[in-house]
Peer 1: 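Could you have a look at this structure, given as structure tokens, before my questions?
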Amino acid sequence: MLESDKKSTVHVSDSKKETEEEISIDSNQLKEYVIKYGDLIEDISKLKFSVFEESDCITKDIPFKKIGFCELQMEDKVYLLDNGMWGHFNNRFYNLVEEKMKEINEIIDYNDEYSCQYERDESGEYAGEGGYIEALAGISHMVKLHKRNINTHGTYIEVADIFNRNSKELLAIKRGTGTSMALYSFEQSLLSMQVLSNSNEFKVRDELLKYNDRKKYDDVKKYPNLTKKQLGEIMECKTSCVLWLIDQKVTYVYEGVRNKNFDLLKFNSILLKLKIIDWYSFTKDNGHTPKIYFALDLPLPMDVID
């Protein structure tokens, strides 16, 4: 689930009233749920999911097999479970993916300015990007756009997390290489391009400037003042970037970023590769310049902050 305005629930069939809970569709929460209700779950088909947008149920009682996506490698083939069906791609497809990923490797960049230390967020953790974005926004030529949303028919879209005035680049920032979060960062960039390309329709100028209203949005740190000159630069920007913060959890990615020679082909997920290709192709087809930045994730230890 890539849309941040949607939520999901899960229950065990025949025991909905006793077992229904709101849940994020990720492996850890599902594992905890299955353990909790293990006595009632005879097989995985007993799990039923519903998806909501605000209070409206979009679809209900979806079996696990239909809502899950899985990549499973056996010998030299990668098998995919998607929309309840298993399949695999032929060799020609993999060759095309490899060719395209080699091309996209050419737009990878490493800017030492982005490998900056930052304080953890208010929760004392650093699972999100909030602390990093605040540190980056403290640099004079960086403009914070994080949570400065465009409201279109009840759906909230971020133009970017940061606008770099020196390089004239919009940055969508994500921490880590987990597939779901990485997919979201590329999806955010795609939506941003569509909104900026139709700025009049989405009332981008008014939507961004509304956060300057200190009577309504009085948190200056959260919503710093956006000047009309900055706004003009943002709306004219044609360089869309995804900035990945990489920690040491995935060694082969971390070493590649530290040595500034990471190869996108090393990613195992075919779904992630396809999303990168989709983003890259869409960006170029719509007159924008795509760029991928990798930076080291450097949160300050808690004792340093104290």
Side-chain angles (χ1 to χ4, degrees), residues 2 4 103-104 106-114 116 129-130 132-174 184-214 216-217 219-245 275-295:
L2 301 180
S4 59
E103 179 182 335
I104 299 173
E106 298 300 315
I107 66 167
I108 293 177
D109 201 352
Y110 305 90
N111 185 338
D112 291 336
E113 185 175 45
Y114 294 143
C116 63
E129 300 83 32
Y132 174 77
I133 291 171
E134 291 299 333
L136 211 57
I139 301 173
S140 61
H141 56 271
M142 302 289 185
V143 179
K144 179 184 172 185
L145 297 174
H146 182 52
K147 294 186 178 180
R148 206 174 184 113
N149 298 319
I150 307 297
N151 183 356
T152 169
H153 307 296
T155 299
Y156 295 91
I157 300 171
E158 276 188 348
V159 168
D161 290 306
I162 289 286
F163 174 62
N164 186 328
R165 296 190 72 190
N166 281 0
S167 59
K168 299 295 188 291
E169 295 174 343
L170 291 166
L171 303 170
I173 299 168
K174 280 293 171 285
Y184 183 79
S185 62
F186 285 100
E187 196 67 25
Q188 178 185 338
S189 183
L190 285 168
L191 289 171
S192 169
M193 281 182 276
Q194 294 177 56
V195 165
L196 288 173
S197 296
N198 300 277
S199 59
N200 289 334
E201 178 184 348
F202 290 103
K203 300 179 181 179
V204 173
R205 183 179 297 274
D206 293 338
E207 285 290 304
L208 289 177
L209 284 177
K210 72 183 181 183
Y211 291 93
N212 286 357
D213 183 358
R214 294 297 175 225
K216 187 175 181 181
Y217 304 98
D219 189 336
V220 177
K221 184 178 180 182
K222 186 174 182 180
Y223 302 113
N225 192 63
L226 188 65
T227 68
K228 290 186 178 180
K229 183 176 181 180
Q230 291 171 343
L231 178 62
E233 294 172 352
I234 290 165
M235 295 186 66
E236 293 172 4
C237 181
K238 293 292 185 180
T239 303
S240 298
C241 311
V242 170
L243 168 57
W244 255 323
L245 290 179
K275 175 54 72 173
I276 294 172
I277 292 171
D278 177 49
W279 167 82
Y280 174 77
S281 299
F282 182 90
T283 305
K284 296 193 73 175
D285 290 346
N286 285 272
H288 289 247
T289 300
K291 185 178 285 188
I292 297 174
Y293 282 107
F294 282 106

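Just so it is clear, the model here is predicted, and its values are computed rather than measured. Counting begins at 1 with the first residue of the sequence.
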Peer 1: Could you give me the CA-CA distance, side-chain angles and deciding distance for F294 and I108, then say whether side chain to side chain contact (heavy atoms under 4.5 Å, CB included) is met?
Peer 2: CA-CA 7 Å; F294 282 106; I108 293 177; 3.8 Å; yes
Peer 1: Roughly how far, to the nearest 0.5 Å, is CE of M235 from NZ of K228?
Peer 2: 13.0 Å
Peer 1: Side chain to side chain contact (heavy atoms under 4.5 Å, CB included), that's the test. Do N166 and H141 meet it? Break it down for me.
Peer 2: CA-CA 6 Å; N166 281 0; H141 56 271; 3.3 Å; yes
Peer 1: First locate atom NE2 of H146, then atom CG of L136, and finally report the distance between them rounded to the nearest 0.5 Å.
Peer 2: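 These two atoms lie 12.0 Å from each other.
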Peer 1: Identify, with sequence neighbours excluded, every residue that meets side-chain hydrogen bond (donor to acceptor under 3.5 Å, both in side chains) alongside N200.
Peer 2: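 Result, side-chain hydrogen bond (donor to acceptor under 3.5 Å, both in side chains) vs N200: none returned.
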Peer 1: At their closest point, which heavy atom of H288 faces which heavy atom of P290, and how far apart are they?
Peer 2: O-CD, 3.6 Å
Peer 1: Between S185 and A172, what is the shortest heavy-atom contact and its length?
Peer 2: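 That closest heavy-atom pairing would be O-CB, 3.8 Å.
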Peer 1: So, for Q230 and L226, which heavy atoms are closest and what is the spacing to 0.1 Å?
Peer 2: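 The pair with the smallest heavy-atom distance is OE1-CD1, 3.5 Å.
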Peer 1: To the closest 0.5 Å, what do you measure between CD (E169) and CE (M142)?
Peer 2: 9.0 Å
Peer 1: Checking side chain to side chain contact (heavy atoms under 4.5 Å, CB included) between E129 and each of L243, D161, I173, which is the one that passes?
Peer 2: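 Per the side chain to side chain contact (heavy atoms under 4.5 Å, CB included) rule, the option paired with E129 is I173, out of L243, D161, I173.
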Peer 1: List the atom of Y114, the atom of L245, and the distance in Å for their closest heavy-atom pair.
Peer 2: O-CD2, 4.2 Å
Peer 1: For residues 185-204, pull every pair meeting ring pair (Phe, Tyr, Trp, His ring centres under 6.0 Å), keeping only residues two or more places apart or in separate chains.
Peer 2: F186-W244, F186-W279
Peer 1: Out of curiosity, T283 OG1 to I107 CD1, how far, rounded to the nearest 0.5 Å?
Peer 2: 7.5 Å
Peer 1: Under the side chain to side chain contact (heavy atoms under 4.5 Å, CB included) rule, what do Y211 and K147 come out as? Steps first, then yes or no, please.
Peer 2: CA-CA 10 Å; Y211 291 93; K147 294 186 178 180; over 6 Å; no
Peer 1: So which heavy atom on L208 is nearest to which on R148, and how close?
Peer 2: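 That closest heavy-atom pairing would be O-NE, 2.9 Å.
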Peer 1: Write down the atom of L190, the atom of K275, and the distance for their closest heavy-atom approach.
Peer 2: CD1-NZ, 4.2 Å
Peer 1: Given 3.5 Å as the limit, does a donor-acceptor pair link the side chain of N149 with the main chain of N151, or not?
Peer 2: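 Not confirmed, N149 side chain does not pair with N151 backbone.
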Peer 1: Say you draw a straight line from OG of S189 to NZ of K174; how long is it, rounded to the nearest 0.5 Å?
Peer 2: 11.0 Å
Peer 1: Quick one: which residue pairs count as a salt bridge (charged side-chain N to carboxylate O under 4.0 Å, His left out) with a foot in residues 229-241, not counting sequence neighbours?
Peer 2: R165-E233
Peer 1: For L170, run the side chain to side chain contact (heavy atoms under 4.5 Å, CB included) check against L196, N164, I162, T239 and tell me which one passes.
Peer 2: L196
Peer 1: To the nearest 0.5 Å, tell me how far S167 OG sits from Y293 OH.
Peer 2: 5.0 Å
Peer 1: Stepwise, does the side chain to side chain contact (heavy atoms under 4.5 Å, CB included) test hold for K144 with F163?
Peer 2: CA-CA 7 Å; K144 179 184 172 185; F163 174 62; over 6 Å; no
Peer 1: Is a side-chain donor or acceptor of N111 paired with a backbone partner of E113 at a separation under 3.5 angstrom?
Peer 2: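 Yes; judged by distance alone, with no hydrogens or angles, the pair exists.
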